[in-house]
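One structure is given below, encoded as structure tokens.
The first residue of the sequence shown is numbered 1, and numbering continues consecutively from there.
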Amino acid sequence: MKDMGKKITGAFGLLAATALVAGTVVAPEGVSAQQQDQVPPAAPALEWDPNDPRIGLGAGWLDAESAISGMELLAAIPRPDGFFNPSTPADGRFSNTDLAFQDGLLIQGNYNGFQIYDISNPADPTLSVSVVCPGGQGDVSVYGDLIVMSAQETRGRLDCGVEGVADSISAERMRGVRIFDVSDMNNPTQVAAIQSCRGSHTHTIVTDPADTENIYVYIQGTSRVRPGEELPGCSGGGPEDPETALFRIEVVKVPLANPSAAEIVNMPRIFADEQGNLAGLWQGGNHGPGTQSSRLTNQCHDITAYPGIGLAGGACSGNGILLDISDPVNPTRVAEVSDPNFAYWHSATFNNDGDVVVFTDEWGGGSAPRCRATDPATWGANAIFRIGEDGQMELAGYYKLPVPQTETENCVAHNGSIIPVPGRDIMAQAWYQGGVSLMDFTDPENPFEIAFFDRGPLSIESLFTGGYWSVYWFNGRLYGAEISRGIDVFRLTPSEHLSAAEIAAAESVMINEFNAQLQPKVEWAPSRDVAQAYLDQMTRANRILNDRAAEIQNALDTNAGAMTLNGLAAEIEADVVQIEAGELGGDAERMAKLAAVLRGMAAQQ
């Protein structure tokens, strides 16, 4: 019987295409890069299971009902004093934003500053330090002893003061990125404030394997351009103005030995065409009758760097782009796509192999209800693209939260990260008040949901901006940043979609730092769990001979010796040859990976 999850009475306050039921999938209809002359078919309607336990959850700020499947909620931590307004969940000055991780620490960004939590025991996070530094958006990244934080609001001050800035032009205002030295965790100190013309809505740390003395920070500014009288050189002119602060990002060089010397070293025009037109990509407007109106491409909302493949994915208002970051100071655009279903390209996530990228559409800006039963299944969704050998992107399919939300729940695709299950592409993702959804996109044309968590609306009477800003996997657990409630910690549980071995293999991957916009390349050490994970996947999909599966299972259950493992690996490799020749049915790719794991296990003995 299918596990449809369970509904839980809220206890937060007590704790300090083709539509599928399992996920919305739509086959592409010939959408290609900058294709504007074809009229695509009408967007499909959302379909859902009427028995989904997320439907009809009771409302409440800290006592809402919840529903969960494939996960266990380990901890729910409310926002600390100084980072929320106890009279209302609607005070955006204290919204939780993005997360970063280092060893046993979690850094929670907030419009009013940031907090650092000790997560050495993920089931019992404890607050270590709070830093009050208003200025929004407050997205954070961490690298060594440095925390980088975005600031974009006009109230932000250089000195982190809470009194704001009254004058329209002021030398006290801070809009850009702040850098804090946290070598003394009990005394974080701001050591640099890099001003930019549009402030920093988000930012991306970029590393260069050939440069160990510096890191680079890409500033993504989305706010209005500040006056030149406040910051010389700032211009809000159009693409005909060579000095315009639009149609670019900023690249900051941060010397690790002297971060106070951080400075902007380039402002690349990554949207320019071959003729030098700064506005070389989407010009704004709709794509034809029945399509979205996509924003003019003059900014990036988010850029995700993946140094392991030398690329970054940019979600840039009216386009999704790929950047060559082999020279971090001089990123160059190598591919771009537009989509008639996207209003505002928001964020990007690669699969581990780097041959698929997921872009999200923040239709409605994150504060609107865009997951209602009447909303199209491809609007406010994920678009999944294959990256070909030529480096170009081709649309494979779409995924949207597969259950409708109410009129008082802001909901749209938002931030997430990869869960490192070998042999599969799985992404944990935030959907604001739509909750957390885990999407399997191993087959990009047919993504589906494998787990979820959701709370009822903050209110059944009023629409407040809330829900999950982001949810990320770090060293065996999922951490979700709730805008108006706090931080949630989850562990995965076995289900029809995910075996105990697949979970254990994912939990075995340990890293020292994680910033979602600096994606790491994952490699799995040979182990019984990794081997079992591949076997479970092939058995689940009926892609392995029963006799061969039984032979492998016996070897794993009996802790077979090196000779047996190597012999079995040779037999599996022979199967792969037959599968590739069309003489035997099966999953050649996973069989080959399993054989390599068995040989690795043998070598360890």
Side-chain angles (χ1 to χ4, degrees), residues 28-38 40 43 198 201-202 204 218-222 238-239 244-250 267-288 291-306 311-325 331-350 356-366 378-388 390-398 412-415 517:
E29 296 288 347
V31 179
S32 62
Q34 293 299 299
Q35 190 169 2
Q36 303 177 29
D37 55 348
Q38 294 185 9
R198 304 186 74 180
H201 189 68
T202 66
T204 303
Y218 292 174
I219 296 178
Q220 289 83 243
T222 63
T244 180
L246 307 176
F247 305 99
R248 74 185 192 197
I249 61 172
E250 288 86 25
M267 294 178 284
R269 299 294 189 179
I270 58 174
F271 312 131
D273 61 20
E274 293 180 353
Q275 289 71 44
N277 174 23
L278 302 186
L281 296 182
W282 186 254
Q283 299 298 302
N286 65 46
H287 303 251
T291 64
Q292 278 277 26
S293 179
S294 302
R295 289 272 295 275
L296 166 69
T297 300
N298 65 5
Q299 60 185 243
C300 284
H301 183 280
D302 250 306
I303 294 176
T304 296
Y306 196 175
L311 293 176
C316 303
S317 50
N319 291 92
I321 67 175
L322 294 181
L323 298 171
D324 180 340
I325 57 169
T332 57
R333 192 180 79 250
V334 295
E336 66 277 340
V337 288
S338 64
D339 192 303
N341 295 292
F342 266 40
Y344 187 72
W345 295 68
H346 177 273
S347 55
T349 303
F350 294 93
V356 175
V357 61
V358 178
F359 287 104
T360 67
D361 171 29
E362 197 178 39
W363 174 37
T378 54
W379 292 23
N382 299 335
I384 306 169
F385 290 83
R386 292 185 182 273
I387 304 173
D390 61 356
Q392 300 306 298
M393 293 178 281
E394 181 179 356
L395 180 64
Y398 296 92
V412 76
H414 214 235
N415 298 344
Q517 290 76 33

Is it the case that the side chain of Thr378 and the backbone of Asn341 share a donor-acceptor pair, with hydrogens and angles ignored and the cut-off at 3.5 Å? no

Are Asn298 and Arg198 close enough that some pair of their side-chain heavy atoms sits under 4.5 Å apart? yes

Ignoring hydrogens and angles, tell me if any N or O in the side chain of Thr304 forms a donor-acceptor pair with the backbone of Thr349 under 3.5 Å. no

State, to 0.1 Å, how close Ala335 and Gly391 come at their nearest heavy-atom pair, and which atoms those are. CB-O, 3.5 Å

Please answer whether the main-chain N or O of Ser317 pairs with a side-chain N or O of Thr297 as donor and acceptor at a distance below 3.5 Å. no

Closest approach of Ala315 to Ser347 (non-hydrogen atoms, all atoms of both residues): CB-N, 3.1 Å

Tell me if the CD atom of Glu274 is crowded by more than 12 foreign heavy atoms within 6.0 Å. no

Evaluate the side-chain proximity of Gln220 to His201: yes if any heavy-atom separation is below 4.5 Å, no if none is. no

Between His287 and Ser294, does a side-chain hydrogen bond (donor to acceptor under 3.5 Å, both in side chains) hold up when you go through it step by step? CA-CA 8 Å; His287 303 251; Ser294 302; 2.7 Å; yes

Minimum heavy-atom separation for Phe247 and Ala279, please, with both atom names. CE2-CB, 3.5 Å

Rounding to 0.5 Å, atoms CD1 (Ile249) and SG (Cys316) come to a distance of 8.0 Å

Parallel, tilted or perpendicular: which describes the rings of Phe342 and Tyr398, with under 30° parallel and over 60° perpendicular? tilted

I want to check something: taking the side chain as every heavy atom from C-beta on, are Met393 and Arg386 in contact at a cut-off of under 4.5 Å? no

Spacing of Ile384 atom CD1 and Thr360 atom OG1 [to the nearest 0.5 Å]: 11.5 Å

Counting only N and O atoms by type, is there a donor-acceptor contact under 3.5 Å from the side chain of Asn319 to the main-chain atoms of Trp282? yes

Within the distance-only criterion (no hydrogens, no angle test), does the side chain of Thr204 pair as donor or acceptor with the backbone N or O of Ile303 below 3.5 angstrom? yes

Ignoring hydrogens, what is the shortest heavy-atom contact between Pro331 and Pro268? Give both atom names and the distance. CG-CG, 3.8 Å

Aromatic ring pairing His414/His346, orientation class (parallel under 30°, perpendicular over 60°, tilted between): tilted

Taking C-beta and beyond as the side chain, do Tyr218 and Thr202 meet within less than 4.5 Å on heavy atoms? no

Residue pair Ile321 / Leu323: nearest heavy atoms and the distance that separates them: CD1-CD2, 3.8 Å

Are side-chain heavy atoms of Val337 and Phe385 found at a separation under 4.5 Å? yes

Check whether any side-chain N or O of Arg333 sits under 3.5 Å from a backbone N or O of Ile270 as a donor-acceptor pair, and report yes or no. yes

Taking all heavy atoms of Ala383 and all of Asp339, pick out the closest pair and write down the distance. CB-OD2, 4.2 Å

Do Phe271 and Leu296 have side-chain heavy atoms sitting under 4.5 Å apart? no

Ring centres under 6.0 Å, that's the criterion: do Tyr306 and Phe350 meet it? yes

With a 3.5 Å distance limit and no angle check, can you tell me whether Gln392 reaches the backbone of Val334 through a side-chain donor-acceptor pair? yes

Any chance you could measure His301, atom NE2, to Trp345, atom CH2, to the nearest 0.5 Å? 14.5 Å

Output yes when a side-chain donor or acceptor of Asp361 lies under 3.5 Å from a complementary backbone atom of Ala343, and no otherwise. yes

